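See structure below.
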Protein chains: 2
Amino acid sequence: MQKVRTGLRELKKQRTRDALLRAALELFTTQGYEQTTVDEITDAVEVSQRTFFRYFANKEEAALSVQLLAEAQFLAALRERPPEESPFEALNRSVLASWDSIGEAIEAVIPVELHMRTYQLIESTPALLAAHLRHSAELEEEVAQLIAAREGLDVNTDPRPRIAVAAYTGVMRMTGRIWGQGQDLSVDAIRELTVTYLGHIGPALAGNWRNSPAPGVRGA
Amino acid sequence: MQKVRTGLRELKKQRTRDALLRAALELFTTQGYEQTTVDEITDAVEVSQRTFFRYFANKEEAALSVQLLAEAQFLAALRERPPEESPFEALNRSVLASWDSIGEAIEAVIPVELHMRTYQLIESTPALLAAHLRHSAELEEEVAQLIAAREGLDVNTDPRPRIAVAAYTGVMRMTGRIWGQGQDLSVDAIRELTVTYLGHIGPALAGNWRNSPAPGVRGA
DNA sequence: GAGGTTAGTGTCAGCTGCTGACAGTTGACA
DNA sequence: TGTCAACTGTCAGCAGCTGACACTAACCTC
């Protein structure tokens, strides 16, 4: 992420980008995404509007850029899982690992707490949620390719990797949604939810719910 | 959908809305969504731009409105499934039933062929795909509520309905994506894909792929 | 069937997101 | 030190979208 060319120019560039990002997220999370104009952001950083659009393709991208970082980290984690793990094992461990290391990866750019508030903002802002879901769909395909490769399968001839990953990421997204509706914005909260929902994916798909116990979960 | 107040006023209203919709979809599918301006649409129908925005909240809504109709039909079908069917049985039958009856439901508004082209347009246009995914997420929650009600469960205390539905709709979305990348735009094609992928959801989640046969499916 | 009411439309003015073009400035590097 | 390239600012302009208000045509009542 951070260019190491270490010129004074690169430094300043990084600074303005960070400043823009921080100002944007701060404004978004305090007064709302739609209510915040690009002019307000650039005024806060004292650059021109044109500069904003040189760093971010659009307003959305600013709101989602940290999220992208987190997704990249998840992918990286998945790539490093040992191949003898089963697909779901590898996925589970990657998800949890990326939640655990979220702090170090993000803190360099913005406070984790701001990131969590932004996450919730995304879930509650239709335009941002839409864009986020589209990114997730792209991520899904990459994950499917990875999983298929692990198992020595071809995504185009064997539908199972894509199906499994689609089901899995469906549950992950749902977890994020439920978390966003709740009160507890901490990393621990979403981590816990993740464990709960991913852990129950087996029983949920087994059917026959009426005769088996309902695993407890606190309401939204 | 159609107001039955049968005044001359309502009639004209319906006409302009249909004309706007048809013109919009025709232009979108022939020259692209982003490349089509609202002015072009309103020029084709000979109304003012302002009128367009009285019928559709935004450009997106015009592109997605028929899709919404299809989703409503799926929901209606699901509501009418007999309660003794298992969740997945009810879901499967509803999906297939709504594909079968797509013709009659849509044809009143636009040609089915145009609808299919629009569907593919949505899958291949980032902005539309994003909005579509957001709608799907809303639909997902409704479906989860329905399924939970069928089984006499509460969505907030038993995570299984939401998990199952999330996994299921994840696979459904993936099916739409794969279809959109293919050549065959027919209803039959997507129906067949749906059967294939939904049918393999069990084996896919069972794990242990390396030792079991790969169900054949033709590539994208 | 005249007259008032109301729904639907057009016009206009204006904001916001976003882009291309061009000029100015400042760091990099010989 | 001077040249080049990168980054930024300014300006002009388009497209999406909205509020306000005036106008027209369908509706309803007497």
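Quick caveat, the model's predicted, so the values are computed rather than measured.
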Distance in angstrom units between B/E60 CD and D/dA15 P, rounded = 18 Å
Report the relative orientation of the aromatic rings in A/F52 and A/F56; use parallel for angles under 30°, tilted for 30 to 60°, perpendicular for over 60°.
-> tilted
Using a cut-off of less than 4.0 Å, is there contact between a side-chain N or O of B/K12 and OP1 or OP2 of D/dA26?
-> yes
Whole-Å distance between C/dG17 P and B/N58 CG?
-> 16 Å
How about B/E46: does its CD atom have over 12 heavy atoms from other parts shown lying under 6.0 Å from it?
-> no
Measure from CD on B/E10 to C1' on C/dT6 and round the result to the nearest Å.
-> 12 Å
C/dC18 OP1/OP2 closer than 4.0 Å to side-chain N/O of A/K59 | no
A/T42 near the nucleic acid: base, sugar-phosphate alone, or nothing, with a heavy-atom cut-off under 4.0 Å?
-> nothing
CZ of A/F52 versus C1' of D/dC7: gap in Å, rounded?
-> 17 Å
Test for a donor-acceptor pair under 3.5 Å between the base of C/dG20 and the side chain of A/R50, counting only N and O atoms.
-> yes
Reckon A/F56 touches a base, only the sugar-phosphate, or nothing at all at heavy-atom distances under 4.0 Å?
-> nothing
Just compare D/dA26, C/dG17, D/dC17 and give me whichever is closest to any side-chain atom of B/F53.
-> D/dC17
Side-chain N or O of A/T16 less than 4.0 angstrom from OP1 or OP2 on D/dC7?
-> no
Would you classify B/S48 as touching base, sugar-phosphate or nothing, given that sugar-phosphate means primed atoms plus P, OP1 and OP2, and contacts are heavy atoms under 4.0 Å?
-> base
Donor-acceptor pair (no angle test) under 3.5 Å: A/R54 side chain, D/dG9 base = yes
Atom OH of A/Y33 and atom C1' of C/dT16 are separated, to the nearest Å, by 12 Å
Would you mind reading off the distance between B/E40 atom CD and D/dC14 atom P, rounded to a whole angstrom?
-> 15 Å
With a 4.0 Å cut-off on heavy atoms, is B/D39 in touch with a base, just the backbone sugar-phosphate, or nothing at all?
-> nothing
Between P of C/dG20 and CD of A/Q49, the distance in whole Å = 14 Å
Taken to the nearest whole Å, CG/A/L20 to P/D/dC7 is 14 Å
Check whether any side-chain N or O of A/Y55 sits under 4.0 Å from OP1 or OP2 of D/dT8, and answer yes or no.
-> yes
Charged N to carboxylate O under 4.0 angstrom, A/E141 versus A/R162?
-> yes
When you get a sec, tell me which of C/dT16, C/dG8, C/dT26 is the closest nucleotide to the side chain of B/K13?
-> C/dG8
Check ion pair B/E26-B/R117 (N to O, under 4.0 angstrom) = yes
Take the angle between the ring planes of B/Y119 and B/W99 and call it parallel below 30°, perpendicular above 60°, tilted in between.
-> parallel
Does a nitrogen or oxygen in the side chain of A/T51 sit under 4.0 Å from OP1 or OP2 of D/dC7?
-> no
